[in-house]
Every structure is written in structure tokens, then in C-alpha cells.
Asker: 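What follows is a structure written as C-alpha cells; I'll ask about it next.
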Amino acid sequence: MTNPDMDRLIDIKELSQTISLAEQTIYNRFNTGGDLPPAIKLGRSLRWRESDVAAWIASKQPTIAPKPLYAAPPKRRRGRPSKPAQVRHKDSELL
């Protein structure tokens, strides 16, 4: 008889297929503290709870913000001023 409170544990191969990442990428992220669901270390192997993986995937769903009807024009890059700005500056120095 199985305990209904216990989650099924998945191994790295199943996690790799579920989240579409290579196994080596998962190992690399685990070792560097990268973005992964919480893992359980059993001896030398890693396991993940299915519910933790599902919650992690749900947290990665992007929220789509509505596009604004009017977008402000892009700001000018820093650097040399435009020709009209140069003329205005030169005229202000002559006063």
C-alpha cells in the first residue's frame, strides 16, 4: 500500500525530458546553484519531487502584459548633439 502523501521521485533523465534541458546542463546548474527545482540527494544520485517540478514549471510561465497603444519615441543616445542642438547652444553663447 502506498502513502498518498508521498510524491513520486523522478531521476535526471525524466527531469531532462520534462524541462527540455540536457542532463549535463542540469548537473551544471545544480553544482553552480542555478535555476532548478529543489533536488533531493540520495547517495550519489539526484532526485526531484514531481510536485516541486510542476510548481517550478508553473512559476516560469510568463505573464503577458498588454501592449501600450502609444509607445514613446526612443531616447537619443548619448554622444554628439544634433545639429539643431549645436546651433541653439552656439546662439546662447553669443548672447
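The figures here come from the full heavy-atom set of this structure, side chains too, leaving out hydrogens, waters and symmetry mates.
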Asker: If you count the non-hydrogen atoms of other residues, nucleotides and ligands that lie under 6.0 Å from CZ in Arg49, is the total more than 12?
Answerer: no
Asker: May I ask you to say whether Glu14 pairs ionically with Arg8, meaning some side-chain N is under 4.0 Å from a carboxylate O?
Answerer: yes
Asker: If I take atom CG from residue Asp52 and atom CD1 from residue Ile10, how far apart are they, to the nearest 0.5 angstrom?
Answerer: 9.5 Å
Asker: Quick one: pull up CZ in Arg88 and OG in Ser82 and give me the separation to the nearest 0.5 Å.
Answerer: 6.0 Å
Asker: From Ile26 CD1 over to Leu15 CG, what is the distance, rounded to the nearest 0.5 angstrom?
Answerer: 4.0 Å
Asker: Would Phe30 and Leu9 show up in the same hydrophobic cluster when neighbours are defined by side-chain heavy atoms closer than 4.5 Å?
Answerer: no
Asker: For Lys60, I'd like to know if atom NZ has over 12 heavy atoms of other residues, nucleotides or ligands within 6.0 Å.
Answerer: yes
Asker: Inspect the surroundings of NZ in Lys41 and state if more than 12 heavy atoms from other residues, nucleotides or ligands are less than 6.0 Å away.
Answerer: yes
Asker: What distance do Glu23 atom CD and Gln17 atom CD have between them, rounded to the nearest 0.5 Å?
Answerer: 8.5 Å
Asker: Decide whether Trp48 and Asp11 meet the rule of one side-chain donor and one side-chain acceptor closer than 3.5 Å.
Answerer: no
Asker: Indicate if Ile40 and Leu36 have the same hydrophobic cluster label, given that clusters are the connected sets of ILVMFWY residues with side-chain heavy-atom separations under 4.5 angstrom.
Answerer: no
Asker: For the atom pair OG (Ser16) and OH (Tyr27), what is the distance rounded to the nearest 0.5 Å?
Answerer: 10.0 Å
Asker: Please check this pair: side chain of Thr25 against backbone of Leu21, looking for a donor-acceptor N/O pair closer than 3.5 Å.
Answerer: no
